[in-house]
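The structure appears below as structure tokens.
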Amino acid sequence: MPSFISSKRMPAVTASAPGKIILFGEHAVVYGQPAIAVPVTQVQARCSVVANPTAPAGQVEIDAPDIGLKSTLEELPPTHPLALPIHLVREQLGIPAIPACRLRITSTIPIASGLGSGAAVSVAMARAISAFLGHPLTAEQVSSIAFRVDQTYHGTPSGIDNTVITYHQPIFFVRGEPFERLTLRHPFWIVIGNSGISSSTVTVVEEVRRRYQASPSSIEPILLAIGKIVRQARALLESDDPEQLGVLLTENHHKLQELGVSCPELDHLVQAALQNGALGAKLSGGGRGGNMIALVKEEKAAQVAEALRRAGAVSTLLTRVG
Ligand code: PMV
């Protein structure tokens, strides 16, 4: 690997990464149970990099209009979520500095809502910067950079977000084990309802940890029950009728309620979906806000989405899985 890369004649590069939803198994996945996640391609994070040969050597300008950030890399703390991926790419490629360039980062993925916005931004940045430097990182390297960024902000992430977003496929994920790609026999439709409440995954995960440590015998059965639901869901996804998944989704929501990670607004949205023709519904992600998901037949999608908005969802999104 060269120790210095010049920005002369470097073509501009753009890379993107999708959002994600966890279909089954959030929280329990932190404790070694399996989980299933799928990419959501209607929302994307995007990073473009263009050489800036007139800027002082090594100056990296970062423009992230969605969050009102315009800065140079030097001005940001090294662990800032938009600086860390750059340092990690540099480290991975073994180069001391990046040639002068401008980065523009945009995203249509709602922040702090369980759709993986942080991991998607890291993945898009790692891909764009490494490609700009002429040394595109492998998926494994990109995923591990996004994981390290997540660790800085989310304490003990399971790794499911960076994996599903990097590999852009439905996955069956067990913490610390190689993930498995799921081949879905039948496509199905999911309506995503955004509660509009921004929620900190790290806070909710910490709270579950405290409850677990205080009373493992009351939390362990819930985690095991979630693991069982996830394995049943996998069997359905790979074999039979995905509509049966609805029952499992709602069961998984009840277990998450028992775990204490839901909230009245999410419960209300889940109820509204079920009362308006959804086959099943649950919160998705860290909980206490963010998004919920509802499995629907395609012809019921508009009705369920409308019911969710009437019940307080600030936005809805329809996604086809598989
Ligand atoms: O809030 P999200 O979408 O980042 O999902 C968090 C999922 C958890 O299982 C709660 C935590 C994790 O690291 O897997």
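Both ligands and their constituent atoms are indexed starting at 1 by order of listing.
Under the salt bridge (charged side-chain N to carboxylate O under 4.0 Å, His left out) criterion, R211 pairs with no residue at all, not counting sequence neighbours. In this structure, R181 has no salt bridge (charged side-chain N to carboxylate O under 4.0 Å, His left out) partners at least two apart in sequence or on a different chain.
Counting only residues at least two apart or on different chains, the ring pair (Phe, Tyr, Trp, His ring centres under 6.0 Å) pairs with a member in residues 198-232 are Y31-Y212.
Using a 4.0 Å cut-off between charged nitrogen and carboxylate oxygen, K255 and E251 do not count as a salt-bridge pair.
Within a 6.0 Å radius of CD in E74, no more than 12 heavy atoms belonging to other residues, nucleotides or ligands are found.
Atom OG of S144 is separated from atom CD of Q151 by 9.5 Å, given to the nearest 0.5 angstrom.
At a 4.0 Å heavy-atom cut-off, the residues surrounding ligand 1 are K20, I22, E26, H27, V29, V30, G114, P157, S158, I160, D161, T201, V205, G285, G286, listed by chain and number.
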